[in-house]
Amino acid sequence: MAENAKTTQGDKLNGLFVRGVVVSSSAKVFNRKDGSGKIVCIRHELALQPGLAIFEEYPDLKDGKVKLDGDKVVEFPKLPEMQQVTLKVLRWEERDKHLVIKEAQLVA
């Protein structure tokens, strides 16, 4: 009976998980290449043991979570700095010998 509980809980924990401390969060605005509007990139830097990972988010501007003033980002959702977070990584790549997380779910 205990084995069944472990396997169902273990099924939820499959995949790549990254645990690190949030060092900084920043946001930039870009114009789309096709001229259809603007896009915001939010970058969170996570300190790992050892190394550094970058978590990039591209939120929808229609949600209202990101506020712009011209070409500057005034307000955006930040992860709590100097707090440990765990991400379940869905898409990632390596850029300049750093782990760049393109899509993830915040677990804790």
Check your understanding: Tyr58, Leu90: one ILVMFWY side-chain cluster at the under-4.5 Å cut-off?
Key -> no
Tightest non-hydrogen contact, residues Leu52 and Glu45, listed as CD1-CB, 4.1 Å
Checklist entry - Does Leu106 belong to the same Ile/Leu/Val/Met/Phe/Trp/Tyr cluster as Val18, with side-chain heavy atoms less than 4.5 Å apart forming each link? => result yes
Here the gap from Thr86 atom OG1 to Gln105 atom CD, rounded to the nearest 0.5 Å, amounts to 13.0 Å
field: Glu93, CD atom: more than 12 neighbouring heavy atoms under 6.0 Å
entry: yes
Taken to the nearest 0.5 Å, the spacing of Ile101 CD1 from Lys88 NZ works out to 13.5 Å
Rounding to 0.5 Å, atoms CG (Leu99) and CG (Leu46) come to a distance of 9.0 Å
Nearest heavy-atom contact between Leu48 and Arg19 is CD2-O, 3.5 Å
For Leu61, the side-chain contact (heavy atoms from CB on, under 4.5 Å) test, sequence neighbours excluded, returns Lys38, Val40, Val66, Leu68
>> Just checking Asp60: does its CG atom have more than 12 heavy atoms from other residues, nucleotides or ligands closer to it than 6.0 angstrom?
In response: yes
Check your understanding: Are Ile54 and Val73 linked, directly or through other ILVMFWY residues, by side chains that come within less than 4.5 angstrom of each other?
Key -> no
Salt-bridged, Lys65 to Glu57, with N to O below 4.0 Å? no
Between Val89 and Ala104, the two heavy atoms sitting closest are CA-CB, 4.1 Å
Checking Asp34 side chain against Ser36 main chain: does a donor-acceptor pair fall under 3.5 Å? yes
Taking a hydrophobic cluster as the set of Ile, Leu, Val, Met, Phe, Trp and Tyr residues connected by side-chain heavy atoms closer than 4.5 Å, whether directly or through intermediates, do Phe76 and Ile39 fall within one such cluster? no
Tightest non-hydrogen contact, residues His44 and Ser25, listed as ND1-OG, 2.8 Å
For this session: Spell out, yes or no, whether Ile42 and Val100 are grouped together once hydrophobic residues are joined by side-chain heavy atoms under 4.5 Å, including indirect joins.
Result: no
Q) Hey, mind stepping through Leu87 and Val107 against side-chain contact (heavy atoms from CB on, under 4.5 Å) and telling me if it holds? A) CA-CA 5 Å; Leu87 299 172; Val107 176; over 6 Å; no
Sorted by chain and residue number, the side-chain contact (heavy atoms from CB on, under 4.5 Å) partners of Glu75 (sequence neighbours excluded) come out as Lys67
When rounded to the nearest 0.5 Å, the distance separating CD of Glu56 from SG of Cys41 is 4.5 Å
